[in-house]
Every structure is written in structure tokens, then in C-alpha cells.
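Data block below; observations after.
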Amino acid sequence: MKLPESILRPVKLIRGGMHLDHQKNTAECESVIMPSPATVYIPLSQHIGAPANPIVKKGDAVFVGTLVGEAGGFVSAPVHSSVSGTVVDVKDLTIGNGTLQKYIIIESDGKMTPDPDLKPFKVENYSDLAEAAKQCGLVGLGGAGFPTHVKLSPSKDTKIDTLVINAAECEPYITSDYRECMENFNDVIEGVYLIKEKLSLERVVICVESNKPKAIEKLMEIASDHRDADDSVKLMKLPSKYPQGAEKVIIYSATGRKLPSGKLPSDVGCIVMNVTSVATLYRFIKTGMPLVAKRITVDGTAVTEPKNLIVPIGTPIKEVLSFMNIDLENADRILMGGPMMGNPVVSDESVVEKRNNAILVMRDQKPQTQTACIRCGRCADTCPMSLYPAMVETALRTNNKESLNSLNVNYCMECGCCSYVCPAKRPLTQVMRTAKAEIRRQK
Amino acid sequence: MSKLLKVTSSPHIRHEDSTRGIMSDVIIALLPAAVYGCILFGWNAIFVLITTVATAVAAEALWNLALHKKQTIGDLSAVLTGLLLGMNLSSQTPLWIAAIGSVVAIIVVKQMFGGLGYNFANPAMTARIVLLVSFAGQMSNYVSPIDAVTSATPLAKDTAYTLKQLFFGMHGGAIGETSSFLLIIGGLYLMLRKVIKPIIPVAFIGTVAVCSLIANPQEIALSVFGGGLMLGAIFMATDYVTTPTTDLGKLIFGIGCGLITFVIRQFGSLPEGVSYAILLMNILTPHINRLTLSKPFGYKEVAQE
């Protein structure tokens with residue numbers, strides 16, 4: 001397919017990064033809506049920031065979209081019921097990552113009745129937009145889980161000119177954002193123009209990796225929309241190089257601006273939003289239905305028939321696996337997210353959260369021999385942040401505080417490139433995390 | 001109770017390259033020149049190579065056994081060290097001297113500093129220097145492959161060679177250093193496999209070429225293809241452990257090696273200077289690394305505020 005010239009090339013490309021085997025097996029798998037599970041466990045903390053406060057109690061009747069937890073602060077997000085039924089309990093459980101977290105347990109009546117009080121949300125100005133994002137319970141759906149309304153309410157003196165739409169989806173296996181572009185294209189287009197208009201942004205750059213030609217073709221329509229008289233909505237084709245979709249990397253590609261460590265995208269005049277977040281926000285404004293279900297790519301080395309599923313939030317993973325007839329016999333790990341940055345869960349009782357975009361069931365791996373570091377320098381060559389993981393490891397092992405503090409460990413975004421390329425199979429990304437913790441401890 | 005799952009730190013997939021794989025690649029790259037050396041110099045060369053490789057592996061295995069350490073010979077680095085050392089020796093080297101060389105390389109230079117990854121100097125090359133200093137007579141006993149009479153390396157300048165003879169290795173010298181052609185093929189293979197970057201070999205060989213072009217232009221072919229430069233620049237000066245990690249550091253390292261090699265050859269009393277040049281630069285490597293570290297992405301912007 002020959003691409004029109006109107007497609008932008010990246011302004012700048014970050015050094016480092018690497019090519020991964022894409023494994024986008026589910027790219028053409030149309031989403032299947034999963035039936036209501038018998039019980040959902042809705043976590044009150046599905047985002048960065050303070051957990052939500054429960055506002056329901058045992059015995060309360062709820063519908064799909066009923067508010068069950070209020071935002072616990074400014075950097076927080078409300079949670080809603082994803083099924084219709086009865087609240088069974090509100091209690092602490094360790095089914096997530098092993099730490100104790102509060103859940104609202106709702107028994108479904110199987111009818112999935114929407115809350116009758118839901119109505120479309122009127123957006124007059126930019127503060128309404130942030131309010132809509134908040135009431136929708138929207139968080140960064142790319143995986144970070146940062147509350148969207150915080151992103152959309154920048155302080156008065158920061159000048160935002162660019163909206164970067166992240167449809168890069170650079171992790172292997174995951175196709176949920178791609179499916180969003182293909183299936184809910186209208187929501188994406190409307191969402192983009194709504195945000196652009198309400199925040200009076202100069203331009204929008206929609207970033208897609210080159211391995212999704214169909215999405216590029218489809219998204220071209222946004223750029224040629226009749227509302228775009230001044231040609232300020234552009235599509236950008238990024239190289240399929242991991243971690244192209246990381247926030248700092250995509251801002252650099254889209255605008256050439258470098259986001260310093262510890263700063264927010266708004267400090268360099270950008271808002272970065274995941275493509276599914278944009279579409280979800282538009283759907284909420286149109287229908288009043290908050291974020292209660294999520295498209296999840298179910299794939300991995302132990303899955304023979306991968307699928308894209310639309311799953312009610314709070315559904316236990318084991319329900320998803322039994323719906324897909326996946327047997328855990330050959331598997332030894334379940335990851336929430338991609339193989340590079342995804343989190344493993346301790347058991348299949350863990351539930352699907354807002355920020356999840358994939359469940360990967362992975363087979364037992366052949367153990368690889370670890371050797372001493374041979375100083376090949378591949379970790380440094382591949383690091384998108386130009387760090388030196390092998391030197392961090394040495395500094396940490398020899399407890400050399402001076403050296404550790406000079407290696408700028410806090411720039412690390414834990415993309416996993418260093419561990420991935422290491423021929424000596426050193427756990428370098430883990431080392432970087434340990435080093436960050438060590439530096440925090442010293443302060 | 002549902003099935004117990006493994007919880008590991010991300011990333012959950014790894015590239016297939018391994019330490020062993022990299023060592024194998026370097027061994028494969030060395031083989032054409034090694035085999036050619038054996039054809040050129042006959043059984044003596046084969047015996048020397050077998051001795052150095054076998055002794056190196058045995059020395060590492062015994063060291064690990066004696067100190068109750070995890071066995072590491074599987075990473076093939078000892079095989080590589082033995083092979084490199086053997087290729088740097090004359091086919092006339094007495095086998096007991098070759099064996100001592102391997103023991104020095106593995107035990108003294110590598111294991112005593114902590115084993116693979118911790119040695120500050122290239123084991124094979126340092127062992128060669130130790131042998132050169134300790135057994136000066138036996139070590140400089142080279143044989144010419146053409147007439148099978150004892151002759152010095154071409155760099156000693158008592159016979160004239162054509163460029164073709166020099167390039168394809170039909171002259172006296174260490175077992176593996178004579179054929180520049182096959183060594184370059186090996187180097188290209190390593191670059192193709194992304195095992196090494198071309199920076200050090202190009203800077204090293206380039207510096208030697210430029211210097212001799214200025215000093216004695218008529219001998220440029222001799223100084224580039226005649227001695228141990230190819231073997232040293234492509235295979236010893238690119239050793240990961242003992243050379244800089246940063247690209248700028250690699251450039252400085254390569255140029256430094258080239259300059260020192262030239263100075264030793266031109267002004268010193270020794271015919272060959274590659275080994276000493278690399279050893280001296282090995283010592284500077286930690287400092288070169290430290291001085292050439294780049295700043296992280298987005299760093300300058302913070303400093304300006």
C-alpha cells in the first residue's frame with residue numbers, strides 16, 4: 001500500500017530501542033463480548049494516586065454504570081459497577097499483586113441492566129471536559145493508569161499546543177488499541193475533535209506504528225475530516241521499534257521535544273492520550289456510560305486460539321480463561337499487559353482492571369544460563385534513555401553510592417530493553433528498580 | 001486453591017543471544033585463519049593450538065573445582081582464550097611454553113581477577129607478552145612457510161615481500177596472524193552478526209596506516225598486513241571486557257592503540273608493538289569509559305533551567 005504524502009514522518013527518533021517479534025496474532029480478531037460473570041470484584045485502586053472511597057454497602061442494588069466508589073482525592077478516579085446485581089461485600093483481599101487491597105464484590109443478576117439514571121454529558125468548555133473524564137472514571141488506558149482528568153486540567157500558566165494520540169501499541173501480542181481504531185473509529189474521530197476544540201489546541205498528532213497499515217489507512221480519514229479546515233490534525237507513522245509508544249519517546253517522535261525526568265508532558269506543551277482513552281471519553285459524553293468494560297487481548301505462548309474480548313471490569317481472570325477454554329496445565333505465568341512491561345499475577349483469581357489491555361498466558365520457558373557480565377555494552381546501546389544498566393549493577397553490588405548517584409538511575413522507565421538484550425541474562429531491569437529503591441532509601 | 005503461578009520481574013521475554021553464543025561466533029570467525037595457519041605451518045601448528053586450547057580449558061575447570069566455584073567452561077571463553085593465544089604463537093614454540101602461556105592467561109590474568117568479565121587486560125594477549133618476556137629466544141623463532149627455514153616476522157625487515165604475499169599470509173609469523181585476508185573475513189562476519197562494532201578495528205588499523213604513510217610510505221603494506229595488527233585490531237582490541245563500552249571511548253581506544261603500535265615499531269627496539277599497545281590501552285579503559293559516558297535523554301534541559 002502506498003501511503004499518501006500527507007502522513008508525517010517522526011520529527012526526531014530516539015536512539016536505542018529494538019525490534020521485537022510483533023506477535024500481533026489477534027490483529028484481525030473482532031472483539032467478542034464476554035457474558036456477565038457470576039461475581040465481579042471491583043478494585044478501588046485501579047489508577048495512580050489515592051484509592052477510591054466506597055459509597056455502597058452490603059445488600060445495595062446496583063446497575064451497570066452505577067457509581068460505587070468516589071475519587072479519593074484530586075489524583076484519583078471513581079469506580080463504577082460493571083454488572084447489574086447486588087453488592088455482596090466490601091472488603092480487603094490479596095488477589096491482585098499479593099498486597100492487601102479493597103474490593104467491592106458484586107453478584108451479577110446476569111441481566112446487565114444499565115443504570116437508568118445515566119444520561120449524556122454536556123460539554124460546554126474545557127473544565128467540563130476534565131469533569132467528564134473524571135465522572136467517566138477514565139484513567140490512562142495504555143497501561144499507566146494515570147487519571148485522565150488530571151491530564152486534562154493543566155495549570156493556567158502552562159501553554160499546551162499539541163495533543164499526541166498514542167496508537168503506537170509497541171508491545172508484542174497486544175492489539176486492543178488497534179481494534180479500537182478499527183471497530184470504534186467514529187468514537188476516536190469524534191473524541192479527537194472534541195478534545196482539540198475544547199482545549200483549543202493548535203494541532204493533533206496521531207501516532208501509529210508502521211506495522212499497522214490498515215489502522216493507518218483508516219485513521220487517514222480523521223486528517224481529512226471536514227472540521228479540519230486548517231489541516232492541523234495529522235497522522236504520523238512511527239517505526240515499529242520498541243518502546244516507541246513510551247510517553248517520552250512518543251513526544252520526542254511527534255514534536256522533537258525532550259521531556260526531562262520528573263516533568264509532565266504539559267511542561268513541554270503536550271498532552272499524550274491513548275487512543276482507547278479518547279474513544280472511551282467520547283462514548284461517555286455521548287451515552288453517559290462510564291468505563292465499565294475493557295477490550296483485552298487474550299494471547300500468549302500457551303494460548304492456541306487467541307481472541308480480543310470485551311470484559312466487564314472486575315472479572316476474575318479464571319472466568320476469562322474458562323470462557324476461552326484455556327487450560328493452565330502447560331502455563332506457568334499469567335501476565336497483565338505485554339511481555340516487556342506487563343505485570344505477572346500471583347493467581348488466576350486476579351481481576352481485570354481498567355488499565356489492563358492484555359492477558360498473556362505464558363508457557364514454561366527453557367531456563368537460560370546466566371553468566372557474569374561480559375561488558376558487551378548492549379544494554380547501554382539499546383537503552384532509550386541513554387543509561388548504563390551494567391554499570392548500575394556494578395555500583396549496586398559494590399555498594400558504591402557515589403557511582404550509583406552519578407548514573408541517573410531515575411531516568412529509567414523500566415521498558416525492559418536492557419534485560420531483553422543481555423547475552424549474559426543479567427536481570428538488569430530488576431537491577432534498575434532495586435537501584436531506584438536504594439536511592440530513595442538513602443534520601 | 002488454584003494453580004500456583006510464577007511471578008517474575010519484567011521483561012518476560014529475552015533475546016536468544018547468549019554469552020556462549022557470542023564466544024562461539026568469535027571462535028567461528030577465527031577458524032579460517034587458524035585452519036589456514038595449520039595448513040601453512042603443518043603439524044607443529046596443530047599441536048600448539050591443541051595444547052593452548054586444552055590447557056586453557058583444563059586450567060579453568062581445575063580452578064573452579066579447587067575453589068568450589070560454579071563450573072564456567074561451558075561459556076566457551078576459555079576455549080576462545082586458548083585459541084587466541086595459540087594463534088599468537090609461532091608454530092615452533094615448545095609445547096610446554098605454550099601450556100604455560102595458557103595457564104598464565106586463565107589463572108593469573110583472568111581467574112585471579114575474578115573470572116570472566118572482571119579481568120582488566122586481555123588474557124591471551126597478556127600471556128603472550130609474559131611468554132615473550134620470559135622466553136625471548138624460543139618465542140621469536142618463526143618459520144617461513146615457503147622454504148621452511150627459520151625466519152623472522154616480516155616486520156624484522158630482512159626479507160622483501162610482495163603485497164599479495166603479505167595479504168594472503170605467505171610469510172613467516174605467528175600461526176594465526178599471517179593471513180590478513182582471512183582475518184578480515186572473520187572480522188566482517190563478527191560485524192555482520194553484530195558481535196563487534198567496526199569502530200575499534202577501523203580506528204586502530206587506520207591510525208597505523210596513516211602514521212606509516214607519513215613516516216615511511218614505502219612500507220605501508222608491510223606495517224598494515226605484515227605483523228599482528230589484523231589479529232590484534234580485529235580480535236584482541238575488540239574484547240568486550242577490556243575495552244571501552246562507549247562509542248567515543250572505542251574511538252579513543254582504537255586511535256590510542258594505533259599510535260602506540262606505531263611508536264613502538266618506529267622508535268622502539270622491538271619489531272612488533274600491537275600487544276603492548278593493546279595492553280597499555282586496556283589499563284586506560286576504565287578511565288576512558290568514565291570520561292566518555294553520555295548524559296541521559298532530556299538531561300541538558302534540566303541543567304539549563
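Every chain is numbered from 1 and lettered A, B, ... according to where its sequence line falls, protein lines coming before strand lines.
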Handout entry: Contacting region of Cys415(A) [heavy-atom separation from chain B under 4.5 Å]
Key = neither
Problem - Portion of Ile196(B) that has a non-hydrogen atom of chain A nearer than 4.5 angstrom - result: neither
Problem - Region of Gln368(A) that comes under 4.5 Å of a non-hydrogen atom in chain B - result: side chain
Exercise for the section: Measure the shortest side-chain to side-chain distance between Glu414(A) and Ser10(B) over non-hydrogen atoms and say whether it is less than 4.5 angstrom. Expected result: no
Problem - Heavy-atom pair of closest approach, residues Arg14(B) and Pro427(A) - result: NH2-CA, 4.4 Å
Problem - Side chain to side chain, Arg433(A) and Ser9(B), heavy atoms closer than 4.5 Å - result: yes
Handout entry: Val241(B)/Arg375(A) under side chain to side chain contact (heavy atoms under 4.5 Å, CB included): CA gap, chis, key distance, verdict
Key = CA-CA 5 Å; Val241(B) 179; Arg375(A) 299 197 223 169; 4.2 Å; yes
Handout entry: Toward chain B, the part of Val421(A) with a non-hydrogen atom under 4.5 Å
Key = backbone
Exercise for the section: Might you point out which heavy atoms bring Ile22(B) and Ile374(A) nearest each other, and give the distance in Å? Expected result: CD1-CD1, 4.1 Å
Handout entry: Thr19(B) vs Lys425(A) side-chain heavy atoms within contact, under 4.5 Å
Key = no
Handout entry: Distance-only side-chain donor-acceptor flag, Tyr388(A) / Thr246(B), under 3.5 Å
Key = no
Fill in the blank from the handout: Turns out that what part of Ala331(A) lies under 4.5 Å from chain B's heavy atoms comes down to backbone
Completion exercise
One option among Ile13(B), Asn289(B), Thr245(B), Val195(B) has the most heavy-atom pairs under 4.5 Å with chain A, and it is Ile13(B)
Problem - Spacing of NE2 belonging to His15(B) relative to CG belonging to Leu20(A), to within rounding of 0.5 Å - result: 9.0 Å
Practice task
Measure the CG-CG distance between Leu407(A) and Leu293(B) for me, rounded to the nearest 0.5 Å.
Solution key: 7.0 Å
Handout entry: Atom pair CG (Asp17(B)) and OH (Tyr420(A)), whose distance is rounded to the nearest 0.5 Å
Key = 9.5 Å
Problem - Beyond-backbone contact of Val7(B) with Arg333(A), side-chain heavy atoms, under 4.5 angstrom - result: no
Problem - Under 4.5 Å from a heavy atom of chain B, the part of Met391(A) involved - result: side chain
Problem - Leu5(B) vs Asp332(A), side chain to side chain contact (heavy atoms under 4.5 Å, CB included): CA-CA, chis, key distance, verdict - result: CA-CA 5 Å; Leu5(B) 298 166; Asp332(A) 71 338; over 6 Å; no
Exercise for the section: Verify the neighbour count for atom CD of Glu402(A): are there more than 12 heavy atoms of other residues, nucleotides or ligands below 6.0 Å? Expected result: no
Fill in the blank from the handout: When every non-hydrogen atom of Leu116(B) is compared with those of Ala372(A), the smallest separation belongs to O-CB, 3.3 Å
Practice task
Sort out for me which of Asp21(A), Ile334(A), Leu335(A) touches chain B most, counting heavy-atom pairs under 4.5 Å.
Solution key: Leu335(A)
Fill in the blank from the handout: If one checks every heavy atom of Leu360(A) against chain B at 4.5 Å, the contacting part turns out to be neither
Exercise for the section: Using non-hydrogen atoms and a 4.5 Å limit, figure out which bit of Cys373(A) sits close to chain B: side chain, backbone, both or neither. Expected result: backbone
Problem - Nearest non-hydrogen partners of Phe297(B) and Leu259(A), listed with the distance - result: CE2-N, 4.2 Å
Practice task
Working to the nearest 0.5 Å, report the span between NE2 of His12(B) and CE of Met362(A).
Solution key: 8.5 Å
Problem - Distance-minimising heavy-atom pair for Gly416(A) and Pro11(B) - result: O-CG, 3.3 Å
Fill in the blank from the handout: dist Cys376(A):SG -> Lys197(B):NZ (nearest 0.5 Å) comes out at 10.0 Å
Handout entry: Side chain to side chain, Tyr240(B) and Arg378(A), heavy atoms closer than 4.5 Å
Key = yes
Problem - Distance in Å, Tyr118(B) OH paired with Thr394(A) OG1, rounded so as to fall on 0.5 Å steps - result: 7.0 Å
Exercise for the section: Side chain from CB out, backbone as N, CA, C, O: work out which of these in Lys194(B) comes under 4.5 Å of a heavy atom of chain A, or both, or neither. Expected result: backbone
